[in-house]
Protein chains: 2
Amino acid sequence: MNEQRYNAIIADDHAIVRAGLKDALEKPGLIEPDGICVLAEAGDGLSAIAEVRKHRPDLLLLDVSMPMAGGVEVLVEARRWSKETRVVVLTGISAVGLVSDLVEAGVDGLFSKASDNSEFYRKLPGILRGQRHISEHFQKILEETPRPPVLTDRERQTLNMILSGRSNKEIAEGFGISIKTVDKHRTSLMQKLKVHSVPQLIARALKEGLIDPSKEL
Amino acid sequence: MNEQRYNAIIADDHAIVRAGLKDALEKPGLIEPDGICVLAEAGDGLSAIAEVRKHRPDLLLLDVSMPMAGGVEVLVEARRWSKETRVVVLTGISAVGLVSDLVEAGVDGLFSKASDNSEFYRKLPGILRGQRHISEHFQKILEETPRPPVLTDRERQTLNMILSGRSNKEIAEGFGISIKTVDKHRTSLMQKLKVHSVPQLIARALKEGLIDPSKEL
DNA sequence: TGCAGACTGGGGGATCTGCCCCATGGTGCC
DNA sequence: GGCACCATGGGGCAGATCCCCCAGTCTGCA
């Protein structure tokens, strides 16, 4: 079983988090008897993908909110280039949409940044050997929270335009379609999300994590 | 100079960040020759204040986005109970409003979570001995970014209502004033923020950090 | 082959917004 | 006292919204 040390890549936009994770992974006896070798670190989604392509590591430790590319995108891209890499996501966000997206995309491990680290330390060895573990915190969310409505492509695009402050007319010009069509998409959105105005739509979208709030900040 | 080891309290809502910071502070030679003694950790603003009252540490290492109470509130409360405690804030948010609030509240150190840790490690000893250091990244923001306009009380209240999805009519009913007055406040807000619609207003407010996005999530 | 669903587009109308006009009080400041 | 500023409230109006109605095309699926 111990024919070699496992190796890993850490991706998080905060240097302090990377340092903490690196320490924990490398420390002999904490997770693995000999520690886990950290091959590289990445501060944004694109370089995370690049590092995975280069090193094809046993493990990719991933944050969801990163510049350039976020959780799910990085996950599927990493899988494309390195099928054997186990992908474990650490996140501070508990929005249902994000969590279910990650689980459906086939993430191997999902842990909350807020909760205690011990669960993460305990489960990681099993994940490296092929098991899968979704933190109880997220399992509860997936069970309890009603699945948010499925948005079509155009609806999602429209929603993002609305969230960045565009009016119907501007969106119509941007997409090269009629105002009435944009109006239709917006109306469908509001029906699905059970709101009755743009301000409510925005408030709801932010709370549900239907869009990526990181890129705004 | 080395009559005793410095001690500190760490406040951050993410256990991994706390672990990383604890490691760095305690490691002899990295920041202090003998390391810094971590007296306690806190996962939210209220317990952070409680721990400061109990231990009156030399240093409070603080995150801005925490449950129960955020950066500036914790800072001023900590000062009230322990005037000698040096308060150093680590943040991932670069919104001008937040940064200038912290600086004006008299924070002793301000560093970005995203940037390299070495600056933090290098400057902390000086801060413990009475110096003050605002990361260049934030200094640049303070200089370059025009100070966001000063909002009146009613304007700020109105803004928060708008951001939580209320219409003019709902806000008027909530405040017990006329729709026209709400309209007036909203119009003033939009003039000050140089936008021309509620969606733009929300997008701008989120980007500028004029309001607290943490309580939404 | 049909059929559901997404995307497209238009008509119409009640309502709300965005922004101009106006006026009345209160407060703080020189 | 005058002046600036805030908060209050009203009239009015062009334009945008919210939400009905309608219909065509195209794609994927049973």
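Letters A, B, ... are given to chains in the order of the sequence lines, protein chains preceding strands, and every chain is numbered from 1.
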A/V195 backbone acceptor or donor facing A/R204 side chain under 3.5 Å: no

Most 5' of A/H196 and A/K184 on DNA chain D, judged by nearest nucleotide: A/H196

By side-chain contact (heavy atoms from CB on, under 4.5 Å) - contacts of B/R80 (at least two apart): B/E77

Spacing of A/H185 atom NE2 relative to C/dG5 atom C1', expressed in whole Å: 13 Å

Distance below 4.0 Å between B/R186 side-chain N/O and C/dC19 OP1 or OP2: no

N or O in side chain of B/R154 less than 4.0 angstrom from D/dC6 OP1/OP2: no

Under 3.5 Å: donor-acceptor pair, side chain of B/D58, backbone of B/N7: yes

Sugar-phosphate only, base, or nothing, as touched by A/S197 at under 4.0 Å among non-hydrogen atoms: sugar-phosphate

Sugar-phosphate only, base, or nothing, as touched by A/D183 at under 4.0 Å among non-hydrogen atoms: base

Under-4.0 Å side-chain N/O to phosphate OP1/OP2 contact, A/Q191 with D/dC20: yes

Short side-chain to backbone donor-acceptor contact, B/Q139 and B/I134, under 3.5 Å: yes

Close approaches to DNA chain D from residues 169-182 of chain B, in residue order (heavy atom, under 4.0 Å): B/I177, B/S178, B/K180, B/T181

Euclidean distance, atom CE of residue A/M161 to atom P of D/dT17 [Å, nearest integer]: 13 Å

Rounded distance (Å) that lies between atom P of C/dT17 and atom CD of A/Q200: 11 Å

Rounded interatomic separation in angstrom, taking CG from A/D153 and P from D/dC26: 19 Å

Ionic contact status for B/R18 with B/D63, cut-off 4.0 Å: no

Distance in angstrom units between A/L189 CG and D/dC19 P, rounded: 12 Å

A/R79/A/D108 salt bridge by N-O under 4.0 Å criterion: yes

